[in-house]
Protein chains: 2
Amino acid sequence: MSILPQHPLTIKDQADSLLRQFIGYNMKRAYHEIQAELTQAFKQIGLKIGSFAVLCAVLEYPGLKQSALAENLAIEQANLVQMLDDLEKKGLVKRERASGDRRAYALFITEKGKKLCLQAQQICSDLEADFLQDCSAQEIDSLITLLQKIEGRVKAKRI
Amino acid sequence: MSILPQHPLTIKDQADSLLRQFIGYNMKRAYHEIQAELTQAFKQIGLKIGSFAVLCAVLEYPGLKQSALAENLAIEQANLVQMLDDLEKKGLVKRERASGDRRAYALFITEKGKKLCLQAQQICSDLEADFLQDCSAQEIDSLITLLQKIEGRVKAKRI
DNA sequence: TATTGTTATACTCTATAACTATA
DNA sequence: TATAGTTATAGAGTATAACAATA
């Protein structure tokens, strides 16, 4: 295990210190780093971050329809189609005609897809555990709660 | 007989509950909402989020060089050039040859740029105050601290 | 040789409109 | 009329390589 020097983050010598007062900016910067790291890690198993989200949702909710999936993941139906085409071509998910509505597809994960998804979840967990290692369980919990709270507040404001 | 869920998901059901255990996913979702809202708000004053960051940095650090700016904002020099072209064309910043290094440009904000930047900061503050209104000052403070801590940890890991 | 700014390019992510077939 | 899935496309944001001028 690597023992990294743990120094308090000082931003006074950074040119973006003024920007650091904004939650959104800090969020963008933090996610930018996580995204880069996760994208790299997922390359080993040929998965993209967006496809991982799709896999997780289909694993947890078999039979989910595309429209419901897109809405739940906050992505456009149109963009989901291509992801599913790719996942289906790789044999990770399958579309089945939904009974009762011949327009809709019900989505299912394959055994291969399930395996890959669990593997990706492990990669994701390991990565997060690594950069959260000096955060308390309570800190992590309240961070997730706050992020969800903020997401909900902004969304509610728009509608 | 098809294996369909007994109760089809409604809008309020969350198909991504499994994903919600990941900090990165919550961060992406929260920022996605903030970004949409801020992009919309900035359209009134003809500014993009990226350009706003550049303006803020140049306002706070007059004479900053492009290379230093790009590094501090974690963006590529190549992409900064286009932003600066745009900001300069609008009369918001100006490039001046840096004394001592004829390759480099020193960046300065104009009066017009300063005015617009302060206006944008107000828009940003108002927007955040709105969706943070039921968060305590301590919650907000610890959120910022945690985001910066995470950003630093992931970055340190990569290097 | 290395660095600063630049150009060109490509790839991903995201957003929108329009189409089809069903409802 | 409205909805599910699809297609095509356009706009951002981001990343890389290569170049000229300068260090």
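Reminder, nothing fancy here: chain letters follow the sequence lines and each chain counts from 1. Note that the coordinates shown come from a computational prediction; the quantities given were computed from them, not determined experimentally.
- Judged purely by distance below 3.5 Å, without hydrogens or angles, the side chains of Gln122(B) and Asp126(B) pair a donor atom with an acceptor atom.
- Residue contacts for Gln66(B): at a heavy-atom cut-off of 4.0 Å it reaches the sugar-phosphate backbone alone, with no base atom in range.
- Distances from the side chain of Asn79(A) to the nucleotides dA15(D), dA4(D), dA15(C) place dA15(C) closest.
- The residue Ala98(B) sits apart from the nucleic acid: no heavy atom pair falls under 4.0 Å.
- Closest to the Arg102(A) side chain, of the nucleotides dG5(C), dT22(C), dT7(C), is dT22(C).
- Protein atom NZ of Lys48(B) is 7 Å distant from nucleotide atom C1' of dA12(D), rounded to whole Å.
- Side-chain atoms of Arg20(A) and Tyr25(A) form no donor-acceptor pair, as typed in the model, at a separation below 3.5 Å.
- Look at Lys65(A) and you won't find any side-chain N or O under 4.0 angstrom from OP1 or OP2 of dG5(D).
- Side chain to side chain, Glu60(B) and Ser17(A) meet the donor-acceptor criterion of an N or O pair below 3.5 Å.
- No single ILVMFWY cluster, assembled from side-chain heavy atoms under 4.5 Å apart, contains both Leu18(B) and Leu143(A).
- Glu76(B) has its CD atom 15 Å from the C1' atom of dT7(C), to the nearest Å.
- Proximity note for Ala78(B) (side chain, C-beta onward) versus dT16(D), dT6(D), dA21(C): the nearest is dT16(D).
- One interatomic measurement links the two molecules: CD of Glu71(A) to C1' of dT3(D), which rounds to 13 Å at whole-angstrom precision.
- The residue among Asp101(A) and Lys28(A) whose nearest nucleotide of DNA chain D is located toward the 5' end is Asp101(A).
- When the side-chain nitrogen and oxygen atoms of Ser67(B) are compared with OP1 and OP2 of dG5(C), one or more of them lie within a distance under 4.0 Å.
- One can place CD of Gln82(A) at 12 Å from P of dT14(C), the figure rounded to the nearest angstrom.
- Looking at Arg103(B), its side chain comes within 3.5 Å of the base of dT3(C) through a donor and an acceptor atom.
- Looking at Gln148(B) and Arg29(A), their side chains never bring a donor and an acceptor atom within 3.5 Å of each other.
- The distance from atom CG of Leu84(A) to atom P of dG5(D) is 9 Å, rounded to the nearest whole Å.
- Atom-to-atom, OH of Tyr31(B) to P of dC13(C) comes out at 16 Å; the value is rounded to the nearest Å.
- Rounded to a whole Å, the CD atom of Gln77(A) is 17 Å from the P atom of dT20(C).
- Taking atom CE of residue Met83(B) and atom C1' of nucleotide dA15(D), one finds them 13 Å apart after rounding to whole Å.
- Here the side chain of Ala104(A) is nearest to one of dA4(D), dC13(C), dT4(C), namely dA4(D).
- The environment of NZ in Lys155(A) is crowded: more than 12 heavy-atom neighbours from other residues, nucleotides or ligands sit within 6.0 Å.
- Comparing Tyr105(B) and Ile75(A) against DNA chain C, the residue whose closest nucleotide sits nearer the 5' end is Tyr105(B).
- For His32(A), the side-chain atoms get nearest to dT14(D) when compared with the rest of dT14(D), dT6(C), dT22(D).
- Residue Arg95(A) places at least one side-chain N or O closer than 4.0 Å to OP1 or OP2 of dT6(D).
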